[in-house]
> 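Before we start, here is the structure in question, set down as structure tokens.
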Amino acid sequence: MRRARWWIADYAYAAYWQVRSAFDRRDPSSFARGHAAPIVILPGVYETWRFMQPLITALHDRGHPIYVVDALRRNQRPVRDAARVVTAFLERADLSDVLLVAHSKGGLAGKLAMAGPAGTRVRAMLAVATPFGGSRYARILPVPSLWAFAPSHPSIVELARHQDVNERIVSVYATFDPHIPEGSELPGARRNVRLDTGGHFRILADPRVLGEVASLSEP
């Protein structure tokens, strides 16, 4: 019953913010000023950056300049292509000592970008509910853009080889994630934080996520 309640609450949260983000017109440049470590937001598949706006607003209120990668759109392209977009953004904006804050698939693109030519521009990444080891559910879904999450998919296998960047990643995930039954524990991570709650989306609003960003932003 507890898992059922988590599941319902998770999809209610996702539905609310998907609808709200569709009508939001706030200019992302309004978040780009601040005195703390710069943050680049990487949303999950079928999400725009606006889906993560509650977290963006909270981080900006704490002094972080926030940057969004508009070119990712709804993050439906292959992981390798998404990583190239992130890399190009970091280089074009000439950002350095950046914190990546990513949700789900955004964490896969972020990790691959950290292993690439712009990796030295990234201090660390906070990945929320990211399927670093894939999800067995991806094999049975009739949606091609989700097949890349299968544990045996080349993108997941390739990411597993880049273990050198794991020490700069904090992975935060719920005890029960209806999308990732394997969980999001990352071997060799700077820290794995398992929250005693359930969900794939609503943990973005968990105050402990803000706490982990605060820890990463310390010199």
Side-chain angles (χ1 to χ4, degrees), residues 6 10 13-14 37 39-45 47 49 51-52 54-56 58-59 64 69 72 75 79-80 82-83 86 97-116 118-119 121-138 146 148-151 153 155-218:
W6 282 338
D10 199 44
Y13 176 93
I39 290 175
V40 173
I41 297 294
L42 304 178
V45 66
E47 300 169 3
W49 66 266
F51 183 79
M52 296 177 66
L55 180 57
I56 290 171
L59 292 170
H64 294 279
V69 188
L72 283 176
N75 202 3
V79 172
R80 177 174 286 277
V86 175
D97 203 29
V98 165
L99 298 178
L100 303 180
V101 174
H103 179 233
S104 194
K105 182 185 176 182
L108 302 181
K111 180 180 175 180
L112 195 55
M114 291 171 70
R121 296 178 178 272
V122 179
R123 181 197 301 186
M125 178 171 71
L126 178 73
V128 181
T130 292
F132 289 111
S135 170
R136 61 178 177 267
Y137 292 158
L146 300 180
F149 299 135
H153 192 276
S155 61
I156 298 295
V157 174
E158 178 185 6
L159 279 166
R161 297 194 188 105
H162 295 293
Q163 297 183 19
D164 53 317
V165 300
N166 290 4
E167 64 183 9
R168 291 190 284 144
I169 298 174
V170 173
S171 181
V172 179
Y173 52 98
T175 299
F176 168 68
D177 186 326
H179 292 256
I180 314 171
E182 296 85 353
S184 296
E185 183 172 347
L186 179 66
R190 175 167 176 168
R191 188 159 54 254
N192 285 293
V193 182
R194 188 174 69 174
L195 305 181
D196 186 20
T197 187
H200 183 75
F201 303 104
R202 70 189 185 98
I203 61 170
L204 286 167
D206 194 294
R208 288 167 289 188
V209 171
L210 291 175
E212 291 301 326
V213 175
S215 177
L216 286 175
S217 65
E218 293 174 356

> Could you give the distance from CD1 (I39) to CZ (R123), rounded to the nearest 0.5 Å?
9.5 Å
> Short question: side chain of R168, backbone of V122 - any donor-acceptor pair under 3.5 Å?
yes
> Taking the six-membered ring for Trp, are H179 and F201 closer than 6.0 Å centroid to centroid?
yes
> If we check side-chain contact (heavy atoms from CB on, under 4.5 Å) with E212, which of these qualifies: V172, V128, D206, V101?
V172
> Measuring from atom OH of Y13 to atom CD1 of I203, what distance do you get when rounded to the nearest 0.5 angstrom?
10.0 Å
> Ignoring hydrogens, what is the shortest heavy-atom contact between A124 and R190? Give both atom names and the distance.
CB-NH1, 4.5 Å
> Return all side-chain donor-acceptor pairs below 3.5 angstrom for residues 103-116, not counting sequence neighbours, or 'none' if the list is empty.
from	atom 1	to	atom 2	distance (Å)
H103	ND1	E47	OE1	3.1
H103	ND1	E47	OE2	2.9
H103	NE2	H200	O	2.7
S104	OG	H200	NE2	3.0
K105	NZ	N75	O	3.0
K105	NZ	R77	O	2.4
K111	NZ	L159	O	2.9
K111	NZ	N166	OD1	2.9

> To the nearest 0.5 angstrom, please state how far the CG atom of D177 sits from the CG atom of D10.
7.5 Å
> Search all heavy atoms of A174 against all heavy atoms of G199 and return the closest pair with its distance.
CB-O, 3.4 Å
> Can you measure from OG (S215) to CG (L210) and round to the nearest 0.5 angstrom?
12.5 Å
> Atom CD of residue position E167 - does it have more than 12 heavy atoms of other residues, nucleotides or ligands inside 6.0 Å?
no
> Could you check whether any side-chain heavy atom of I180 comes within less than 4.5 Å of a side-chain heavy atom of Y173, counting everything from C-beta outward?
no
> Can you tell me how far the OG1 atom of T197 sits from the CH2 atom of W6, to the nearest 0.5 Å?
5.5 Å
> Can you give me the closest heavy-atom contact between S135 and P181, atom names plus distance?
OG-CD, 3.6 Å
> Is the side chain of T175 donor-acceptor paired with the backbone N or O of L195 at a distance under 3.5 Å, no angle test?
yes
> Determine yes or no for a side-chain-to-main-chain donor-acceptor pair under 3.5 angstrom, with S184 supplying the side chain and T130 the backbone.
yes
> Looking only at heavy atoms, what is the nearest atom pair of Y137 and P178, with distance?
CE1-O, 3.1 Å
> Nearest heavy-atom pair of A127 and I169: which atoms, and what distance?
CB-CG2, 4.5 Å
> Just jot down the side chain to side chain donor-acceptor pair (under 3.5 Å) partners of R194, sequence neighbours excluded, or say none.
none
> Quick one, L72 and P43 - any side-chain contact, counting heavy atoms below 4.5 Å?
yes
> Kindly give the heavy-atom pair with the smallest separation between I156 and A148, and that separation in Å.
CG1-O, 3.4 Å
> Is the shortest side-chain heavy-atom distance between F149 and V45 below 4.5 Å?
yes
> Output the distance between atom OG (S217) and atom NE2 (H64), rounded to the nearest 0.5 Å.
4.0 Å
> Please check: side-chain N/O of N192 versus main-chain N/O of E185, any donor-acceptor pairing under 3.5 Å?
no
> Is a side-chain N or O of R202 found less than 3.5 angstrom from the main chain of G198, in a donor-acceptor match?
yes
